[in-house]
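Following: one structure in structure tokens, then a few remarks.
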Amino acid sequence: MKKTGALGRFTSERARADYDAAYQRGLDALPAPDEVVDVGTGFGTVRCYRFGAPGPNPVLLLPGRAGGVVMWEPNLPAFAGSRPVYALDLLGEPGRSVQTAPVRTAADQAAWLVDVLERLDLRGAHLLGYSFGGWLAANLALRAPERLASLVLVDPVQTFARFPVQLLLRSALSVLPVVQRWGRPAFLRWIAGGAEVEPGDPVATVINEGIRTYRIALPTPVPFTDEQLRGLAVPALALIAGRSVLHDARRAAARAERFGVRAEVWETATHAIAGERADEVNTRVLAFWSEVEASRRG
């Protein structure tokens with residue numbers, strides 16, 4: 001993992017205000033949280049939303065890049081129907097978490113999440129991560145498995161297979177000032193398999209505004225080694241999008257299965273799988289959690 005000594009930041013006060021307005025509209029589209037708490041960690045304050053009453057079998061959600069809590073709009077009602085759900089804005093990304101110290105290594109990335117689990121007193125949590133949040137979730141599971149009941153990875157990046165060269169080239173072009181206005185939307189459409197974003201879509205708007213207004217200063221995740229993945233000690237499910245442009249889906253699934261992960265390639269899904277196939281994703285994830293809980297009782 002490449003080190004960085006910088007802090008994430010909004011590019012200006014106007015940028016912060018623009019993002020905050022989009023974020024609030026997205027937040028208003030979610031079920032009302034039962035609790036909102038800012039959790040202190042060694043690297044900053046993490047905004048956490050709890051949906052449902054505290055209780056057994058808690059769920060912790062880690063979103064994709066720039067998605068924040070808003071990206072779970074298609075999934076929260078189903079997940080919170082039977083378990084307490086805790087959704088975070090990731091530290092060092094756009095949202096209402098506030099980074100105060102550089103995050104330099106994979107160990108740092110796990111450390112602030114362990115702080116969150118401790119402060120919230122979450123034990124035996126079902127951890128679910130999507131995209132970049134999938135890498136974060138796997139990184140935590142490898143370093144602190146005793147705190148978790150299970151691991152679900154939804155099209156995780158840099159976890160079982162590397163970014164393709166085409167992705168690196170497109171992402172670099174999309175942030176150049178000369179092409180940013182048209183390049184960023186085109187890049188996001190490409191990741192979503194060419195699907196057009198509905199005007200006013202709260203999730204897409206928050207992601208777009210986050211990328212536009214915020215400068216992330218986090219280290220780029222590095223794929224895990226075979227030695228690391230051999231240490232995965234919690235029940236794990238990976239839902240991998242067959243049309244994802246962020247990795248070779250079949251190669252990623254095959255490597256995941258080598259290390260005991262139950263990997264499923266959803267052939268027609270794009271990287272936007274959590275939203276575009278929300279009902280199916282919700283059903284599959286809930287079934288997996290119930291299976292894990294039944295196994296623990298037995």
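No hydrogens, no waters, no symmetry mates; every other heavy atom, side chains included, goes into these values. In this text the structure is predicted, and so the values were computed from the model without any measurement.
Residues passing the side chain to side chain contact (heavy atoms under 4.5 Å, CB included) test with Ala87 are Phe51, Leu61, Val69, Trp72, sequence neighbours excluded.
Within a 6.0 Å radius of CD in Glu227, no more than 12 heavy atoms belonging to other residues, nucleotides or ligands are found. The number of heavy-atom neighbours closer than 6.0 Å to CZ of Arg251, taken from other residues, nucleotides and ligands shown, is 12 or below.
Judged purely by distance below 3.5 Å, without hydrogens or angles, the side chains of Arg143 and Gln109 never pair a donor atom with an acceptor atom. Neither side chain, Glu291 nor Trp289, offers a donor N or O lying under 3.5 Å from an acceptor on the other. The closest side-chain donor-acceptor pair between Gln24 and Asp20, if any, does not fall under 3.5 angstrom. Side-chain contact, Thr213 with Asp18: no donor N or O sits under 3.5 Å from an acceptor N or O.
In this structure, CG on Leu88 lies 7.0 Å from CG on Leu113, to the nearest 0.5 angstrom. The line from CG of Asp89 to CG of Leu62 is 11.5 Å long, rounded to the nearest 0.5 Å.
Here the shortest heavy-atom pairing between Ala141 and Val234 reads CB-CG2, 4.2 Å.
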Mind listing the side-chain donor-acceptor pairs of residues 78-85 below 3.5 Å, one per line with the distance, residues two or more places apart or on another chain?
residue: Arg83; atom: NE; partner: Glu293; partner atom: OE2; Å: 2.9
residue: Arg83; atom: NH2; partner: Ser290; partner atom: OG; Å: 3.3
residue: Arg83; atom: NH2; partner: Glu293; partner atom: OE1; Å: 3.1
residue: Arg83; atom: NH2; partner: Glu293; partner atom: OE2; Å: 3.3

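Salt-bridge check for Arg50 with Asp34: failed, with every basic side-chain N at 4.0 Å or more from each acidic carboxylate O. With salt bridges taken as basic N to acidic carboxylate O contacts below 4.0 Å, none links Arg262 and Glu257. A salt bridge does not link Arg119 to Asp121: none of the charged side-chain nitrogens sits closer than 4.0 Å to a carboxylate oxygen.
Aromatic ring centroids of Phe10 and Tyr19 lie under 6.0 Å apart.
Annotation: cation-pi pair Arg65/Phe132 present, NZ/CZ under 6.0 Å from the ring centroid and within 45° of its normal.
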